[in-house]
Amino acid sequence: MQEPALVRNPLSVAGASLTTVSVLAFIVYYISHAMGWWISPYGGLLGFVAIPALFLLGLLLIPIGMWRERRRRRGGRAAWQWPAIDLASSRTRQVVIVVVLLTVVNIGLLAVATLGATHYMETTSFCGQVCHEPMRPEFTAHQEGAHANVTCVACHVSPGAAGTIRAKRNGTRQLYLVLRGTFARPIPTPARGLPVAADTCVNCHRPALPVPDITRVTREYADDEASTETATTVLAYPNRNHWHARADVRVEYVAADEKRKTIPYVRVTDPGGRTTEYFAKGVTARPAGEVRHMDCLDCHSRPAHTMSASAEEAVDRAIAGGAVSRELPFVRRELVAALTAAYPDDDAAATGIAAGLRNVYGRQPKAQPALVTAAIDTAQRLYRVNVFPDMKVTWGTYRNQRGHTGEVPGCFRCHDDEHKAADGRLVRQDCELCHKEQ
């Protein structure tokens with residue numbers, strides 16, 4: 001009597017079953033992906049990485065099982081036999097039915113749990129609150145900003161399985177640092193490994209789309225009793241700013257520091273394909289380092305995690321927005337003083353701000369209690385969304401390179417009248433390139 005084939009063994013059968021199920025699962029995922037029912041970074045990781053990995057595992061189990069079965073038989077043991085199932089027995093039929101039903105239920109539960117876990121890992125709460133301490137500044141700023149409804153993965157994970165794998169590899173490293181408590185305080189910026197703007201920002205924004213000029217009014221307040229207002233009106237030309245991100249223009253640069261504040265070398269390729277190199281004062285050749293293709297994030301460096309550059313700026317905006325009344329004497333000065341005092345933690349800050357402002361205005365009978373309460377609430381909120389003592393984040397820790405104010409060079413990193421080409425042309429520092437004061 002001929003011996004059964006070597007493939008008839010539990011391990012090979014399990015491998016064949018796993019391979020078959022993986023093929024069916026991939027077909028289901030591919031159809032749902034093609035129809036647009038399930039398109040997400042983590043869905044791609046599951047469909048294009050996890051399922052094919054299970055398929056390969058099943059293929060490997062088949063020859064491994066055959067090898068083990070050959071060894072069994074050479075050792076004198078009988079060939080493995082399928083268990084006998086007597087369907088004529090009512091007890092056997094009941095067991096088979098129960099096993100089949102439980103298998104279907106378990107597969108359904110596993111599918112639902114996998115889908116739920118995939119979607120949960122895409123939520124902002126997962127990214128911002130699971131690693132609560134290190135991500136609290138970013139999570140808080142995100143909730144306060146214009147991008148609050150944009151999920152973290154939409155900007156931090158590149159499309160496709162490759163982008164998801166890179167993000168998960170980086171996330172694994174970060175998780176290790178969190179578990180050890182050795183993560184940087186504050187988290188350094190600019191963040192490394194972010195997707196390019198062409199994969200993220202341009203999904204919602206169109207830099208090349210012409211937009212009308214914008215009139216902007218900036219209001220600043222003095223530290224005198226009336227918190228005297230100074231308004232500056234500027235006509236901005238966004239189309240000129242966005243020239244750097246046009247599809248027919250390529251701007252590249254090399255930074256001399258990790259913060260990308262000092263840029264000694266710029267290379268521009270214009271729409272006609274002509275390339276011009278600009279060198280900072282004292283630089284004669286392209287320096288060593290990464291040649292970065294300039295995109296949205298080089299100016300809008302904190303688009304979804306924007307924090308105030310200073311307490312003065314935050315208070316000015318609060319007064320201009322009507323959250324704080326200038327009927328309170330010296331209100332601008334007192335709020336800035338309360339916000340820049342040192343506090344060990346959030347609770348101490350809330351208590352100290354309230355006590356300090358009540359002490360100042362409690363001695364002034366003309367100060368309306370309602371206005372004092374509003375000022376305290378506003379100051380506590382400004383502190384809560386900009387200062388995080390446990391992460392060593394304070395006013396100005398995270399700055400946006402859009403513009404050129406205070407300690408942030410922004411545009412002036414290149415537009416300084418000192419970056420010169422071989423033919424004498426300069427990267428001009430001309431205010432009216434981008435805006436005009438009115």
Approximate separation, where rounding is to 0.5 Å, of Arg413 CZ and Ile263 CD1: 4.5 Å

Show the numbers, then the answer: is there a side chain to side chain contact (heavy atoms under 4.5 Å, CB included) between Cys296 and His205? CA-CA 10 Å; Cys296 310; His205 303 278; over 6 Å; no

Is it the case that Thr276 and Arg425 place a side-chain donor and acceptor less than 3.5 Å from each other? yes

State, with a plain yes or no, whether a side-chain heavy atom of Ser308 is found less than 4.5 Å away from one of Leu382. no

Would you mind telling me which of Thr269, Thr275, Asp270, Val268 makes a side-chain contact (heavy atoms from CB on, under 4.5 Å) with Arg250? Thr269

About how many Å separate CG of Leu194 and CG of Asp295, when rounded to the nearest 0.5 Å? 9.5 Å

Can you tell me if CG on Asn359 sees more than 12 non-hydrogen neighbours from other groups inside 6.0 Å? yes

Between Tyr361 and Pro329 (side chain of the first, backbone of the second, donor and acceptor by atom type, cut-off under 3.5 Å), is there such a pair? yes

Closest contact, heavy atoms only, Arg428 versus Asp417: CA-OD1, 3.3 Å

Residue pair Tyr398 / Glu138, side-chain heavy-atom distance below 4.5 Å: yes

Below 4.5 Å, heavy atoms only, C-beta onward: do Gln364 and Phe330 meet side chain to side chain? no

Any side-chain heavy atom of Asn400 within less than 4.5 Å of one from Thr306? yes

Would you give the length of the straight line joining atom CZ of Arg246 to atom CG of Asn239, rounded to the nearest 0.5 angstrom? 9.5 Å

Over 60° means perpendicular and under 30° means parallel, so tell me whether His415 and His244 are parallel, tilted or perpendicular. perpendicular

For Cys155 against Val150, the heavy-atom pair lying closest together: SG-CG1, 4.1 Å

Verify side chain to side chain contact (heavy atoms under 4.5 Å, CB included) between Asn241 and Arg402, making sure each step is shown before the conclusion. CA-CA 10 Å; Asn241 296 95; Arg402 184 186 63 184; over 6 Å; no

Show the nearest heavy-atom pair for residues Arg302 and Met307, with the distance to one decimal. NH2-CE, 4.0 Å

Measure from the side-chain N and O atoms of Trp395 to the backbone N and O of Ala314, and report whether any donor-acceptor pair falls under 3.5 Å. no

Axial cation check for Tyr221 ring with Arg332, 6.0 Å and 45° limits: no

Quick one: are Arg286 and Arg267 in side-chain contact, heavy atoms under 4.5 Å? yes

Taking the side chain as every heavy atom from C-beta outward, state whether Phe279 and Tyr265 have any atom pair closer than 4.5 Å. yes

When rounded to the nearest 0.5 Å, the distance separating CG of Leu297 from CD of Gln401 is 12.0 Å

Just say parallel, tilted or perpendicular for the rings of Tyr383 and Tyr343, cut-offs at 30° and 60°. perpendicular

Contact summary for Val387 and Asp346, nearest pair of heavy atoms: O-OD1, 4.1 Å

List the steps and the verdict of salt bridge (charged side-chain N to carboxylate O under 4.0 Å, His left out) for Glu418 and Lys281. CA-CA 6 Å; Glu418 291 192 353; Lys281 188 176 181 179; 5.1 Å; no

Crowded around Arg68 CZ? As in, over 12 foreign heavy atoms under 6.0 Å? no

Restricting to non-hydrogen atoms, name the atom on Leu426 and the atom on Tyr278 that form the minimum distance, rounded to 0.1 Å. C-CE2, 4.1 Å

Working to the nearest 0.5 Å, report the span between SG of Cys201 and NE2 of His147. 7.0 Å

Using modelled atom types only, decide if a donor and an acceptor are shared between the side chain of Thr351 and the backbone of Ala348 within a distance under 3.5 Å. no

Out of curiosity, Leu335 CG to Ile319 CD1, how far, rounded to the nearest 0.5 Å? 7.0 Å

Over all heavy atoms of both residues, which pair between Gly15 and Ile62 is shortest? Give the atoms and the distance, please. C-CG1, 4.0 Å

For a side chain to side chain contact (heavy atoms under 4.5 Å, CB included) check, start with the C-alpha distance between Val196 and Asp199, then their side-chain angles and the critical distance, and finish with the verdict. CA-CA 6 Å; Val196 296; Asp199 289 337; 3.7 Å; yes

So with a 6.0 Å cut-off around NZ of Lys392, is the heavy-atom count from everything else above 12? no

Evaluate side chain to side chain contact (heavy atoms under 4.5 Å, CB included) for Arg136 paired with Asp390, printing each intermediate quantity in order. CA-CA 10 Å; Arg136 190 164 70 91; Asp390 55 340; 3.2 Å; yes

Heavy atoms, side chains only, cut-off 4.5 Å: are Glu313 and Asp316 in contact? no

Does the pair Glu144/Arg381 count as a salt bridge with the N-to-O cut at 4.0 Å? yes

Do Arg358 and Ile376 have side chains that approach each other closer than 4.5 Å (heavy atoms only, starting at C-beta)? yes

Would the number of heavy atoms belonging to other residues, nucleotides or ligands and lying under 6.0 Å from CZ of Arg185 be above 12? yes

